[in-house]
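These notes are about the structure you will find just below.
Treat the numbers as computed from the prediction; the structure is a model and nothing was measured. To find a chain, count down the sequence lines: A is the first, B the second, and so on, and within it residues start at 1.
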Amino acid sequence: MQKKPLNFIESIIEDDLSNNKHQQIYTRFPPEPNGYLHIGHAKSICLNFGLSENYKGKCNLRFDDTNPVKEDVEYVESIKEDIKWLGFNWEDEVKFTSNYFDKLYNFAIKLIKSGDAYVCELNAEQLRKYRGTPTEPGKESPWRNRDVAESLTLFEGMKNGDFDEGKYLLRAKIDMASPNMHMRDPILYRIRFANHHRTGNTWKIYPMYDFAHGQSDYFEGITHSVCTLEFEVHRPLYDWFIDKLADSEYRPQQIEFARLNLTYTVMSKRKLLELVESNFVNGWDDPRMPTISGFRRRGYTPESIRNFSDKIGVAKRDGFIDVALLEHSIREDLNKKADRVMGVLNPLKVIIDNYPEDSEEYLDAVNNPEDESRGKRKVPFSKELFIEQEDFMENPPRKFFRLGIGREVRLRYAYFIKCTHVEKDDAGNVTKVHCTYDPASKGGKSPDGRKVKGTMHWVSAKHAIRSEIRLYDRLFSVENPQADKEKDFKGFINENSLEVNKIAMLEPHLKTAKSGEQFQFERKGYFCVDKDSSLDNLIFNRTVTLRDSWAKIKNS
RNA sequence: UGUCCCGUGGUGUAAUUGGCAACACGUCUGAUUUUGGUUCAGAAGAGUCCAAGUUCGAGCCUUGGCGGGACAACCA
């Protein structure tokens, strides 16, 4: 057995462990509770929790809840649910940055006292001007050298709610000329009269993310603070804070990796929120959304997402993962797990002219050829059947192996049938296909050994149950909807990303299928029962189609 | 005209004291098949952004270019 090559983060960890820098690793997943988790977060979750699993360490779930105006308990609940669903467990109880508000406040006071922070009165616009640009140095605030005592008093007042929002700020005193914008006297605290989902109205001031994040890692004893690339330039600032705070050699080590981009979708919470709010989709868990809850409702399994996460790897260069790899991951998983059934999406009536009028019989069908333990079931057969419209052609092209006049095919698990003639409507559309069957071919084998090219799925007309089927396609019509700087990403939405089919006919076995249950509709794809489904209105979501080499031939 | 990060098949990741580039997805053949699925066998596809240098030998080291990305929210 060959050892799987390490990614660069694992290499760092193995070095740290073998050098005894750490005896045990401690990671964390630190979402802000301001939206639902998406597949990009899943990558980070699998990484952080996976690392702690593989190296026998620990991993915290910590909500970075420093901005009460955007955050909500609804989101903390959904995030917890998603992580559990993926199969991960956090260490101890859930952590919140708001747990550290006191510590952070005391640290801020320490910084004021040591002359490393001051209360500033610049307004938003002035602040922007004073900050400079990436290529031009900033200017020092007129309040920068205010008395320590005065800053202390003012900061106390800010905390007590004595001042209006925006009136004062606490800023670190670092270097307004730094080539790194984040070092130009960053804001530590701002006044906010907002109700915090956990601390209520206790606080009138809230720490900025940059002032809270690194220290929270430090408070929790995190050894490896894994985050995405955009925080790379923040690292010197976090290190600056920790140097002021630390009383030992211990430092959390921040390591940045490239966030996940997937083709034909968008991955920012802001954009996903926009899709939800403008009703392009039906909520955060719409099966077209790249959210974890969306994939769950679509029928993706936790295993498929974890395997996907393994396969995409971890690196610092950012790129786009082909959505085909995700689709491969779910097919791979469902191929082993999903029971096969027969369902006709676009029914075409077939009449077996030589089959006895009122007769019916139950035929054996294998539930899952990949898993014998799943056993067999009975499928009813009778004189009138439905087949898929696209499985019949009057003038079939070369390489078409299905039914046509004079052709013989196999009905899966049933009989060989041969088409004799068709009926048409006034418009010339085929409405009924007449066939004869070979009674000797029961079960799908012909005793004389003759072969047929095609095997088709079918349902017995009088036994079939009708169902609603939601067919999903990619949400966007281009690989990268954000590539165009001029045009808004919503302009690239695929108008046909949802097709609701209400004419599908399924084998009766599915009548009692429960919400969340997954099946392979033979030759059509993987489907799961939607949460909106009920006994009198069965609803299936198509998770993904099967690979389809005929479609490729047909389209070329 | 700043600081930091990154350039390996179509896509994503490997190549761990420097030894003529591997795996996965995708693509294309063929075999098997009661799913045009699965499975199996095979093929094409990069000479590692460019240039110079060190070396017997460079994707790995050095230098200089070029290209891409991040950073100017009282967001995270």
Side-chain angles (χ1 to χ4, degrees), chain A residues 2 4-7 11 14-15 30-32 34-35 64-67 69-71 120 122-124 127-129 131-138 165-166 168-171 178-184 187-192 206 208-210 212-213 228-236 256 258 263 269-270 310-329 331-332 335-336 340 342 365-366 369-370 399-402 410-414 416 443-445 452-457 479 520-525 545-554:
Chain A
Q2 209 181 343
K4 198 177 171 253
L6 303 177
N7 64 49
S11 303
E14 294 204 355
D15 283 351
E32 184 190 15
N34 70 340
D64 259 321
D65 53 350
T66 55
N67 185 8
V69 307
K70 287 189 177 175
E71 296 154 7
C120 182
L122 257 26
N123 66 30
L127 199 72
R128 196 175 59 245
K129 283 193 184 133
R131 191 155 32 223
T133 70
T135 53
E136 298 162 298
E165 285 190 8
Y168 293 109
L169 290 167
L170 185 71
R171 298 177 69 186
S178 171
N180 182 339
M181 298 287 291
H182 300 280
M183 302 299 273
R184 321 241 262 228
I187 299 169
L188 269 28
Y189 271 94
R190 76 286 212 195
I191 301 170
R192 278 273 184 286
Y206 291 92
M208 296 290 288
Y209 172 86
D210 274 353
H213 189 83
T228 45
L229 251 26
E230 67 268 29
F231 294 105
E232 211 154 22
V233 274
H234 297 236
R235 193 179 347 122
E256 306 87 6
T263 54
K269 275 198 232 174
R270 207 206 85 229
D310 267 356
K311 277 185 268 212
I312 60 179
V314 180
K316 297 198 73 160
R317 119 182 61 138
D318 45 14
F320 272 83
I321 304 283
D322 193 337
V323 71
L325 184 57
L326 218 207
E327 294 177 345
H328 168 261
S329 302
R331 287 191 187 110
E332 185 182 44
N335 178 49
K336 291 177 300 193
R340 274 58 168 171
M342 292 195 284
V366 172
E370 308 293 319
K399 288 191 173 173
F400 182 83
F401 303 150
R402 283 106 100 141
R410 170 169 41 233
L411 293 179
R412 180 144 234 230
Y413 299 127
F416 283 13
K445 274 189 290 285
V452 286
K453 279 291 240 325
T455 300
M456 291 161 29
H457 63 284
E479 285 200 357
Q520 183 197 105
F521 290 9
E522 295 214 20
R523 306 207 299 143
K524 294 274 87 177
T545 61
L546 257 30
R547 287 184 66 207
D548 188 352
S549 48
W550 166 242
K552 281 181 208 157
I553 298 169
K554 195 171 56 177

Next item on the list: Quote, to the nearest angstrom, the C1' distance that separates B:rG26 from B:rA43.
Entry: 14 Å
Note to self: Suppose you measure atom C1' in B:rA24 against the same atom in B:rU8; what distance do you get, rounded to whole Å?
What the structure shows: 15 Å
Protein-nucleotides 71-75 of chain B N/O pairs closer than 3.5 Å?
| from | atom 1 | to | atom 2 | distance (Å) |
| --- | --- | --- | --- | --- |
| B:rC71 | O2' | A:H182 | NE2 | 2.9 |
| B:rA73 | O5' | A:R131 | NH2 | 3.3 |
| B:rC74 | OP2 | A:R131 | NH1 | 3.1 |
| B:rC74 | OP2 | A:R131 | NH2 | 3.1 |
| B:rC74 | O3' | A:R192 | NH2 | 3.4 |
| B:rC74 | O2' | A:R192 | NH2 | 3.1 |
| B:rC74 | N4 | A:L122 | O | 3.4 |
| B:rC74 | N4 | A:G166 | O | 2.9 |
| B:rC75 | OP1 | A:R192 | NH2 | 2.8 |
| B:rC75 | OP2 | A:R190 | NE | 3.2 |
| B:rC75 | OP2 | A:R190 | NH2 | 2.7 |
| B:rC75 | OP2 | A:R192 | NH2 | 2.9 |
| B:rC75 | O3' | A:R190 | NH2 | 3.3 |
| B:rC75 | O2' | A:N67 | ND2 | 3.1 |

Next item on the list: Would you mind reading off the distance between A:K554 atom NZ and B:rG36 atom C1', rounded to a whole angstrom?
Entry: 11 Å
Note to self: List the residues meeting side chain to side chain donor-acceptor pair (under 3.5 Å) with A:E230, not counting sequence neighbours, and say none if there are none.
What the structure shows: A:T228, A:R259
Next item on the list: Sticking with atom P, work out how far B:rA58 lies from B:rA21, rounded to a whole angstrom.
Entry: 13 Å
Next item on the list: Go through A:E32 and A:K70 one step at a time and tell me if the salt bridge (charged side-chain N to carboxylate O under 4.0 Å, His left out) criterion holds.
Entry: CA-CA 9 Å; A:E32 184 190 15; A:K70 287 189 177 175; over 6 Å; no
Item checked: Nearest-Å distance once atom P is located in both B:rA14 and B:rG7 -> 10 Å
Item checked: Protein-nucleotide distance (A:H328, atom NE2; B:rG37, atom C1'), rounded to Å -> 13 Å
Next item on the list: Check whether any side-chain N or O of A:T263 sits under 3.5 Å from a backbone N or O of A:V323 as a donor-acceptor pair, and report yes or no.
Entry: yes
Note to self: What is the separation between atom CG on A:L188 and atom P on B:rA76, rounded to the nearest whole Å?
What the structure shows: 12 Å
Next item on the list: Between B:rG69 and B:rA51, how far apart are the P atoms? Round to whole Å, please.
Entry: 23 Å
Next item on the list: Check ring-ring contact (aromatic ring centres under 6.0 Å, His included) between A:H328 and all other residues, then give those that pass, not counting sequence neighbours.
Entry: none
Checklist line | With sequence neighbours excluded, residues passing salt bridge (Lys or Arg N to Asp or Glu O under 4.0 Å) with A:K399 | finding: none
Checklist line | By salt bridge (Lys or Arg N to Asp or Glu O under 4.0 Å) - contacts of A:R340 (at least two apart) | finding: none
Notebook entry, point to check: Between A:E327 and A:R547, is any pair of side-chain heavy atoms under 4.5 Å apart?
Noted result: no
Check: What is the distance, rounded to the nearest whole Å, between atom CZ of A:F231 and atom P of B:rC5?
Finding: 18 Å
Next item on the list: Give one of base, sugar-phosphate or nothing for A:I553, where a contact means two heavy atoms less than 4.0 Å apart.
Entry: base
Checklist line | Distance in angstrom units between A:L229 CG and B:rU3 P, rounded | finding: 19 Å
Check: Among all residues two or more places apart in sequence or in another chain, which pass the ring-ring contact (aromatic ring centres under 6.0 Å, His included) test with A:H213?
Finding: A:Y209
Notebook entry, point to check: What's the CG-P distance between A:L6 and B:rC23, to the nearest Å?
Noted result: 19 Å
Next item on the list: Taking side chain to side chain contact (heavy atoms under 4.5 Å, CB included) as the test, write out the residues that go with A:L229, two or more places apart.
Entry: A:E232, A:E256, A:A258, A:K316, A:D318
Next item on the list: Check whether any side-chain heavy atom of A:L325 sits under 4.5 Å from a side-chain heavy atom of A:I312, and report yes or no.
Entry: yes
Notebook entry, point to check: Considering heavy-atom distances to RNA chain B, does A:R547 or A:L411 have its closest nucleotide positioned more toward the 5' end?
Noted result: A:L411
Margin query: At 4.0 Å (heavy atoms only), tell me whether A:K524 reaches a base, stays on the sugar-phosphate, or touches nothing.
Written below: nothing
Check: Any donor and acceptor pair, going by atom type alone, linking the side chain of A:N180 with main-chain N or O of A:V233 inside 3.5 Å?
Finding: yes
Check: Between the base of B:rU39 and the side chain of A:E370, is there a donor-acceptor distance below 3.5 Å?
Finding: no
Notebook entry, point to check: Reading nucleotides 6-12 of chain B 5' to 3', which nucleotides get B (base under 4.0 Å from a protein heavy atom), which S (sugar-phosphate only), which -?
Noted result: S-B--SS
Next item on the list: Just call it for A:K552: base, sugar-phosphate, or nothing, with non-hydrogen atoms closer than 4.0 Å on any strand.
Entry: sugar-phosphate
Checklist line | Heavy atoms from other residues, nucleotides or ligands near NZ of A:K445 exceed 12 (cutoff 6.0 Å) | finding: no
Check: Rounded to the nearest Å, what distance is computed from the NZ atom of residue A:K453 to the C1' atom of nucleotide B:rG37?
Finding: 18 Å
Check: In whole angstroms, how far is the P atom of B:rU38 from the CG atom of A:N335?
Finding: 7 Å
Item checked: Validation row: A:R523, A:D548 side chains within 4.5 angstrom (heavy atoms) -> no
Check: Touch check for A:Q520, heavy atoms < 4.0 angstrom, all strands: base, sugar-phosphate only, or nothing?
Finding: base
Next item on the list: Taking salt bridge (Lys or Arg N to Asp or Glu O under 4.0 Å) as the test, write out the residues that go with A:E165, two or more places apart.
Entry: none
Margin query: Syn if the chi torsion is within 90° of 0, anti otherwise; quick check, which is B:rG53?
Written below: anti
Notebook entry, point to check: Base, sugar-phosphate, or nothing for A:R235, non-hydrogen atoms under 4.0 angstrom?
Noted result: nothing
Next item on the list: Ignoring backbone atoms, test whether A:H457 places a side-chain nitrogen or oxygen under 4.0 Å from the OP1 or OP2 oxygen of B:rU35.
Entry: no
Notebook entry, point to check: What nucleic acid atoms does A:P369 come within less than 4.0 Å of, heavy atoms only: base, sugar-phosphate, or nothing?
Noted result: base
Next item on the list: Select base, sugar-phosphate, or nothing to describe what A:R412 touches, counting heavy atoms under 4.0 Å on all strands.
Entry: base
Check: Say you pick atom C1' in B:rC20 and the same atom in B:rC71; how far apart are they, in whole Å?
Finding: 41 Å
Check: Expressed in whole Å, how much space separates the C1' atoms belonging to B:rA41 and B:rU16?
Finding: 33 Å
Margin query: So does A:N67 get a backbone contact from the side chain of A:E71, meaning a donor-acceptor N/O pair under 3.5 Å?
Written below: yes
Item checked: Residues which pass salt bridge (Lys or Arg N to Asp or Glu O under 4.0 Å) with A:R131, listed by chain and number, not counting sequence neighbours -> none
Margin query: Using atom P in both nucleotides, what's the gap between B:rA52 and B:rU13 to the nearest angstrom?
Written below: 29 Å
Next item on the list: Would you classify A:V314 as touching base, sugar-phosphate or nothing, given that sugar-phosphate means primed atoms plus P, OP1 and OP2, and contacts are heavy atoms under 4.0 Å?
Entry: sugar-phosphate
Filtered N/O pairs between nucleotides 59-61 of chain B and protein, under 3.5 Å:
none

Next item on the list: For RNA chain B, write out the stems as range with range, using runs of 3 or more consecutive Watson-Crick or G-U pairs with both distances under 3.5 Å.
Entry: B:2-7 with B:66-71, B:10-13 with B:22-25, B:27-31 with B:39-43, B:49-53 with B:61-65
